[in-house]
Protein chains: 2
Amino acid sequence: MEFKEAKNKFVQTWGALGSQWGINKTMAQIHALLMVSHEPISMEDIMEELQISRGNASMNLRALMDWGIVYKEYKAGERKEFFTAEKDLDELAVKISRERSKREIKPALKVLKEVSAIESDGTAAEKHFVDQTSKLYDFVLKADNVLDKITEYKDNWLAKLVVKIMK
Amino acid sequence: MEFKEAKNKFVQTWGALGSQWGINKTMAQIHALLMVSHEPISMEDIMEELQISRGNASMNLRALMDWGIVYKEYKAGERKEFFTAEKDLDELAVKISRERSKREIKPALKVLKEVSAIESDGTAAEKHFVDQTSKLYDFVLKADNVLDKITEYKDNWLAKLVVKIMK
DNA sequence: ACAAACTTTCATTTTTTTTTGAAAGTTTAA
DNA sequence: TTAAACTTTCAAAAAAAAATGAAAGTTTGT
């Protein structure tokens, strides 16, 4: 396999993986492309390489920047904007975790708290509902916190995590 | 808030969360419904409660059973099939992790290994590509393993995890 | 073997999501 | 201030994903 083929395969795979995780294909592909590029790329080049429209490129680049995992760069003397991806993988994981937690987990937790707080009459159905949603709340809260801790201490996270939780 | 309203809110929220994680809305909703139900539910009742067609119900129930998080049950004397969800949350997490790892992470790892193995000529571009995809391979492999370990020891996973990894 | 009581399948339709591209907007340099 | 060189926006189109429902398939009891 040669370079171009490998790069293409990587971009395609990363794109497919993205869609399975609720991220749109183009967004994941642009990110993939930027990750393996050793120098900043212009919108023009992204469009060219991925065969996508200007609008598509613009919107997905904005989304990636909102996630904090792609940056704009300006080259001296050039009018055009260039883009780079966060390449430190720990940093990338931290940012993605934080963002997904904020956007998805936190709101879900709020709802779980609400619905588990209903006044149950005594029926088995209602008792089970309250019980199950309460457990779910605790579980999701704990999982979210663990993720937070893991990503908080990127380096050596395991050891520090243990200290923090065990004490 | 009363029971019916709370249940509905939970089912809707779980469904929305599902779509953000690459699981289709109905599948997540059926799962939600079964999770908070204290007794097995028939396909008929699922269709009724979620206002979906027979085909849709059937296909999504099959998918949930393929994931191993919903079970068929037979009630004595009844011809109809009933369904229950895995309600133990640790067990649920284990099954979802395993399945996603098998279906998505493992194939991605295979590709990462492949593309990071190209013979780099000396150019910066190719060197960077090999370097970055190798790092990515290591990172994803490690993350996948940690998840595996966490879910392997549902109870007390943290302590055992430390022992296993630290030694 | 038959038929009633169910479930599954899959071509078609519907809905949702993504992409396009042209117009509007912005920035810079002269 | 103007115009060239860009980027963003967003209504419309296209593509992808999900849902429908009727026909085909299966199972069970008699």
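Quick caveat: nothing in here was measured; it's all calculated off a predicted structure. Proteins get letters first, then strands, A, B, ... in listed order; numbering begins at 1 in each.
One can place NZ of Lys80(A) at 16 Å from C1' of dT28(C), the figure rounded to the nearest angstrom. Distance NZ (Lys72(A)) to C1' (dT27(C)): 11 Å, rounded to an integer number of Å. At whole-Å resolution of the value, OH in Tyr74(B) and P in dA5(C) are 18 Å apart. In this structure, CD1 of Ile46(A) is placed 17 Å from C1' of dT20(C), rounded to the nearest angstrom. One can place CE of Met47(A) at 11 Å from C1' of dT20(C), the figure rounded to the nearest angstrom. As a whole-Å value, the separation of Gln20(B) CD from dT17(C) P is 10 Å. Rounded to an integer number of Å, the gap from CZ of Arg62(A) to P of dT26(C) is 13 Å.
Nearest-nucleotide positions on DNA chain D for Arg79(A) and Met65(A) put Arg79(A) closer to the 5' end. In terms of position on DNA chain C, the residue among Asn56(B) and Glu44(B) whose nearest nucleotide sits closer to the 5' end is Glu44(B).
Looking at Glu78(B), its side chain never comes within 3.5 Å of a backbone N or O of Lys80(B) through a donor-acceptor pair.
Considering only heavy atoms from C-beta on, Glu99(A) comes within 4.5 Å of Lys102(A) through its side chain.
A salt bridge is defined here as a Lys NZ or Arg NE, NH1 or NH2 lying under 4.0 Å from an Asp or Glu carboxylate O, and Asp131(A) with Lys127(A) fails to meet this definition.
Residue-level contact check: Asn24(B) touches the backbone only, with heavy atoms under 4.0 Å from sugar-phosphate atoms and none from bases. Among the atoms of the strands shown, base atoms are found under 4.0 Å from some heavy atom of Arg54(A).
Atoms CE and CZ, on Met43(A) and Arg54(A) in that order, are 5.0 Å from each other to the nearest 0.5 Å.
At dT19(C), one or more side-chain N or O atoms of Thr26(A) fall inside 4.0 Å of OP1 or OP2 (strictly under the cut-off).
A cation-pi geometry, defined here as NZ or CZ lying under 6.0 Å from the six-membered ring centre and within 45° of its normal, holds between Arg103(B) and Trp67(B).
Linking ILVMFWY side-chain heavy atoms closer than 4.5 Å, directly or via other members, places Trp21(B) and Val146(A) in two distinct hydrophobic clusters.
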Q: Before giving the answer on salt bridge (charged side-chain N to carboxylate O under 4.0 Å, His left out), spell out for Glu114(A) and Lys9(B) the whole-Å C-alpha distance, their side-chain angles and the decisive distance to 0.1 Å.
A: CA-CA 9 Å; Glu114(A) 270 172 47; Lys9(B) 189 162 193 176; 2.5 Å; yes
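Of all nucleotides in DNA chain D, those with any atom nearer than 4.0 Å to a heavy atom of chain B start and finish, going 5' to 3', at dA18(D) to dT28(D).
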